[in-house]
**Student:** 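Handing you this structure, nothing more for now.
Model, not experiment: these values are computed from the prediction. Positions are given from 1, in the same order as the sequence printed here. Both counts, for ligands and for their atoms, begin at 1 and track the order of listing.
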Amino acid sequence: MKKAIYKTYGSPKVIELINTEKPLPKSNEILVKIKASSATRADTMMRQGTPKFGRLFLGFFKPKNTSLGTGFSGEIESIGNEVTKFKIGDAVFGEKLFSNGCNAEYICIAENMIIEQKPITISHEEAAPICDGFLTSYNFLKDIASIKEGQHILVNGASGSLGTAAVQLAKVMGAKVTGVCSTKNLDFVKSIGADKVIDYKNEDFTKSTNKYDIIYDSVGTLSYKNCKDVLTPKGIFMTPVLSFGTLWHSMINYKKVKFAATGLKKTEELKRLFEDLVSLFKDDKLHTNIDKSYKLSNIIEAHEYLETGRKVGNIVIINS
Ligand SMILES: NC(=O)c1ccc[n+]([C@@H]2O[C@H](COP(=O)([O-])OP(=O)(O)OC[C@H]3O[C@@H](n4cnc5c(N)ncnc54)[C@H](OP(=O)(O)O)[C@@H]3O)[C@@H](O)[C@H]2O)c1
């Protein structure tokens with residue numbers, strides 16, 4: 001089978017598509033024939049080995065894990081003899097967390113990991129990236145901010161994968177949403193539910209008199225320091241993008257500044273969030289926005305586009 005790997009840190013050109021043995025499921029595992037997988041900003045950062053201090057976990061001189069891709073959607077081709085939750089032929093989706101390897105034709109995954117039946121209302125392409133933007137932003141909104149009905153949240157980077165998810169989730173959870181994006185994405189961000197949009201090219205919301213209960217900087221272009229004057233007294237600033245500034249503020253001011261790596265959360269907690277998301281997709285309350293899809297053979301191109309930082313929603317890799 002074909003599988004995307006990278007043996008050294010670097011540009012998209014370090015990605016190789018190799019032929020390797022199709023994996024065999026262990027007794028508690030299922031073998032998924034992948035129809036679509038995600039290609040994300042987090043993947044590009046792991047591939048680049050950035051920020052450099054991340055290499056303490058990823059591997060100092062070269063990546064410990066050479067496989068690429070965390071989110072998948074596909075069909076079960078075979079199952080181990082102890083598997084009870086799934087059967088051959090089921091359409092399933094989920095993520096492989098830090099073990100990666102989803103930008104491939106097949107993966108094996110234990111049945112008790114982040115995997116669920118795919119709702120029939122969504123395609124494999126729509127399902128594959130859900131564990132990037134939606135799972136991450138849901139963790140921030142529900143578990144970190146405990147967002148409440150009527151609260152006002154500002155989502156910076158509202159046109160990204162995490163941002164489009166946050167705008168939709170915050171609306172479902174009853175919040176008032178202001179989305180920050182560039183001129184070209186204003187109508188799009190309104191169309192996915194934002195009550196108000198701010199064009200960051202023409203307006204600096206940090207200088208306004210409006211106050212927010214939550215500022216969710218999904219793209220990491222802000223800092224607590226420049227946002228603190230537009231937070232309500234109990235307001236919080238949170239971001240999924242790690243920087244020394246955020247780390248420092250989250251240590252000295254942990255009630256107001258929050259960072260989390262969602263993938264490091266306990267599997268049982270992630271499963272609980274993932275199950276909620278599956279229900280919301282089944283009820284047609286959430287939608288995956290796809291910017292571009294690429295064939296697995298064009299994965300380098302997909303990573304080149306990801307690195308522009310301009311994608312709108314998600315990038316998907318499809319297996320034909
Ligand atoms: N901590 C975690 O668990 C976790 C999990 C997943 C991802 N992440 C991280 O989350 C970050 C976001 O990823 P993503 O895929 O959602 O988005 P992304 O690809 O990093 O961002 C794309 C979007 O951001 C907008 N943008 C760029 N500069 C902006 C600015 N100054 N202000 C407002 N919007 C701006 C772009 O629109 P324009 O071109 O119109 O500006 C584009 O639509 C990444 O750094 C990723 O590594 C963290």
Side-chain angles (χ1 to χ4, degrees), residues 38-51 54 57-58 69-71 95-98 100 114 128-145 154-169 178-192 194 197-206 215-223 226-227 238-243 246-247 250 257-266 269-270 273-274 288-292 302-316:
S38 60
T40 69
R41 283 311 297 273
D43 295 341
T44 65
M45 292 171 84
M46 284 190 266
R47 193 207 68 234
Q48 292 163 338
T50 55
F57 309 98
L58 298 171
T70 49
E95 81 163 323
K96 282 230 46 189
L97 296 173
F98 287 112
N100 301 355
I114 313 296
I130 286 174
C131 289
D132 180 43
F134 282 101
L135 193 56
T136 307
S137 290
Y138 192 45
N139 177 41
F140 272 89
L141 267 55
K142 185 163 195 276
D143 284 4
I144 296 174
L154 177 138
V155 178
N156 184 50
S159 53
S161 165
L162 276 59
T164 51
V167 169
Q168 295 179 61
L169 285 162
T178 293
V180 179
C181 58
S182 70
T183 323
K184 69 179 169 56
N185 291 322
L186 291 172
D187 288 343
F188 166 68
V189 172
K190 271 217 137 186
S191 76
I192 59 168
V197 281
I198 295 175
D199 180 351
Y200 74 83
K201 304 235 178 204
N202 291 313
E203 187 182 336
D204 182 354
F205 75 87
T206 65
I215 294 181
Y216 179 45
D217 179 15
S218 75
V219 283
T221 55
L222 304 171
S223 69
N226 60 20
C227 292
M238 55 185 198
T239 178
V241 183
L242 187 57
S243 68
T246 299
L247 211 54
S250 65
V257 186
K258 315 273 182 182
F259 164 81
T262 308
L264 295 180
K265 221 174 153 89
K266 284 187 186 143
E269 291 175 12
L270 282 176
L273 295 173
F274 186 45
T288 308
N289 300 102
I290 298 173
D291 183 338
K292 291 185 188 199
H303 272 241
E304 282 167 349
Y305 182 54
L306 278 164
E307 283 190 359
T308 64
R310 305 267 83 91
K311 76 174 160 60
V312 176
N314 299 276
I315 300 299
V316 182

**Student:** Can you tell me the protein heavy atom closest to atom 24 (O) of ligand 1 and the distance?
**Tutor:**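 The closest one turns out to be V219 CG1, 3.4 Å.
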**Student:** Identify, by atom number and element, the atoms of ligand 1 in contact range of D132, meaning under 4.0 Å from any of its heavy atoms.
**Tutor:**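 Close to D132: 6 (C), 7 (C).
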**Student:** Tell me the protein heavy atom at minimum distance from atom 4 (C) of ligand 1, and give that distance in Å.
**Tutor:**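 Here the closest protein heavy atom is T136 CG2, 3.8 Å.
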**Student:** Does G133 have a heavy atom less than 4.0 Å from any atom of ligand 1?
**Tutor:**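 Not so, G133 does not reach ligand 1.
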**Student:** Would G220 count as a contact of ligand 1 if the rule is a heavy atom under 4.0 Å away?
**Tutor:**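 Checking ligand 1 against G220, which is what was asked, there is no heavy-atom contact under 4.0 Å.
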**Student:** For side chain to side chain contact (heavy atoms under 4.5 Å, CB included), just list the numbers for I114 and L97, CA-CA rounded to whole Å, side-chain angles, deciding distance to a tenth of an Å, and then say yes or no.
**Tutor:** CA-CA 8 Å; I114 313 296; L97 296 173; 4.3 Å; yes
**Student:** Do any N/O atoms on F259 end up under 3.5 angstrom from N/O atoms on ligand 1?
**Tutor:**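 For ligand 1, there is no N or O atom that lies under 3.5 Å from one belonging to F259.
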**Student:** Looking only at protein heavy atoms, which one is nearest to atom 16 (O) of ligand 1, and what is the separation?
**Tutor:**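 Here the closest protein heavy atom is L162 N, 2.8 Å.
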**Student:** Could you check if a side-chain atom of T246 sits within less than 4.5 angstrom of a side-chain atom of S223, using non-hydrogen atoms only?
**Tutor:**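 T246 does not reach S223 side chain to side chain.
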**Student:** Do any N/O atoms on V180 end up under 3.5 angstrom from N/O atoms on ligand 1?
**Tutor:**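 For ligand 1, there is no N or O atom that lies under 3.5 Å from one belonging to V180.
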**Student:** How far is atom 36 (C) of ligand 1 from the closest protein heavy atom, and which atom is that?
**Tutor:**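 Checking every protein heavy atom, the shortest distance to atom 36 (C) of ligand 1 gives G309 O, 3.5 Å.
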**Student:** Below 4.5 Å, heavy atoms only, C-beta onward: do L306 and K292 meet side chain to side chain?
**Tutor:**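 With C-beta onward as the side chain, the pair stays apart.
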**Student:** Would you check if S38 and T70 make a side-chain contact, meaning some heavy-atom pair closer than 4.5 Å?
**Tutor:**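 They are in contact (side-chain heavy atoms under 4.5 Å apart), so the answer is yes.
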**Student:** List ligand 1 atoms under 4.0 Å from N156, heavy atoms only on the residue side.
**Tutor:**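 Under 4.0 Å from N156, ligand 1 has these atoms: 32 (N), 33 (C).
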**Student:** Tell me, do V219 and V241 make a side-chain contact under 4.5 Å, heavy atoms counted?
**Tutor:**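 Of all side-chain heavy-atom pairs linking V241 with V219, none is under 4.5 Å.
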**Student:** Would you mind finding which of A166, P240, G263 brings a heavy atom closest to atom 9 (C) of ligand 1?
**Tutor:**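 Selected option, by shortest heavy-atom distance: P240.
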**Student:** For ligand 1, which atoms, with element, lie under 4.0 Å from some heavy atom of A42?
**Tutor:**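 Answer, ordered by atom number: 47 (O).
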**Student:** Return the closest protein heavy atom for atom 15 (O) of ligand 1 as residue, atom name and distance.
**Tutor:**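 For atom 15 (O) of ligand 1, the nearest protein heavy atom comes out as K311 NZ, 2.5 Å.
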**Student:** Can you find a heavy atom in the side chain of Y138 that is under 4.5 Å from one in the side chain of T262?
**Tutor:**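 In short, these two side chains do not touch, never coming nearer than 4.5 Å.
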**Student:** Do me a favour and list the nearest non-hydrogen protein atom to atom 34 (N) of ligand 1 with residue, atom name and distance?
**Tutor:**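 Sorting protein heavy atoms by distance from atom 34 (N) of ligand 1 puts G157 CA, 3.4 Å first.
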**Student:** Tell me, with the steps shown, if N289 and Q168 meet side chain to side chain contact (heavy atoms under 4.5 Å, CB included).
**Tutor:** CA-CA 11 Å; N289 300 102; Q168 295 179 61; 3.4 Å; yes
**Student:** Specify the protein heavy atom at minimum distance from atom 44 (C) of ligand 1: its residue, its atom name, and the distance to 0.1 Å.
**Tutor:**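 Residue, atom and distance for the closest contact: R41 CB, 3.6 Å.
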**Student:** For A260, is the nearest heavy atom under 4.0 Å from an atom of ligand 1?
**Tutor:**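 It does; at least one heavy atom falls under 4.0 Å.
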**Student:** Walk me through it: do K265 and D143 pass the test side chain to side chain contact (heavy atoms under 4.5 Å, CB included)?
**Tutor:** CA-CA 11 Å; K265 221 174 153 89; D143 284 4; 2.8 Å; yes
**Student:** Pick whichever of G179, S218, A261, S159 has a heavy atom sitting closest to atom 37 (O) of ligand 1.
**Tutor:**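 Comparing heavy atoms across G179, S218, A261, S159, the nearest one to atom 37 (O) of ligand 1 lies in S159.
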**Student:** Which of the numbered atoms in ligand 1 are under 4.0 angstrom from any heavy atom belonging to T262?
**Tutor:**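 By the 4.0 Å cutoff, the relevant atoms are 2 (C), 3 (O).
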**Student:** Testing the basics here: between Y216 and L162, what is the closest heavy-atom pair and its distance to 0.1 Å?
**Tutor:**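 Of all heavy-atom pairs spanning Y216 and L162, the closest is OH-CD2, 3.7 Å.
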**Student:** Under 3.5 Å, side chain of D217 to main-chain N/O of T221, donor-acceptor pair present?
**Tutor:**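 Yes: the side chain of D217 pairs with the backbone of T221.
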**Student:** Identify, for atom 27 (C) of ligand 1, the protein heavy atom at the shortest distance, and state residue, atom and that distance.
**Tutor:**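 Looking at atom 27 (C) of ligand 1, the protein heavy atom closest to it is R310 NH2, 3.2 Å.
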**Student:** State, without any angle test, whether T40 and D43 hold a side-chain donor-acceptor pair at a distance under 3.5 Å.
**Tutor:**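 Judged by distance alone, the side chains do pair up.
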**Student:** List every atom of ligand 1 that sits less than 4.0 Å from any heavy atom of M45, numbering the atoms from 1 in the order shown and giving each element.
**Tutor:**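 Contacts of ligand 1 toward M45, numbered from 1: 45 (O), 47 (O).
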**Student:** Could you check N156, T206, L154 and say which one makes a side chain to side chain contact (heavy atoms under 4.5 Å, CB included) with C227?
**Tutor:**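 It is T206; the other options fail the test.
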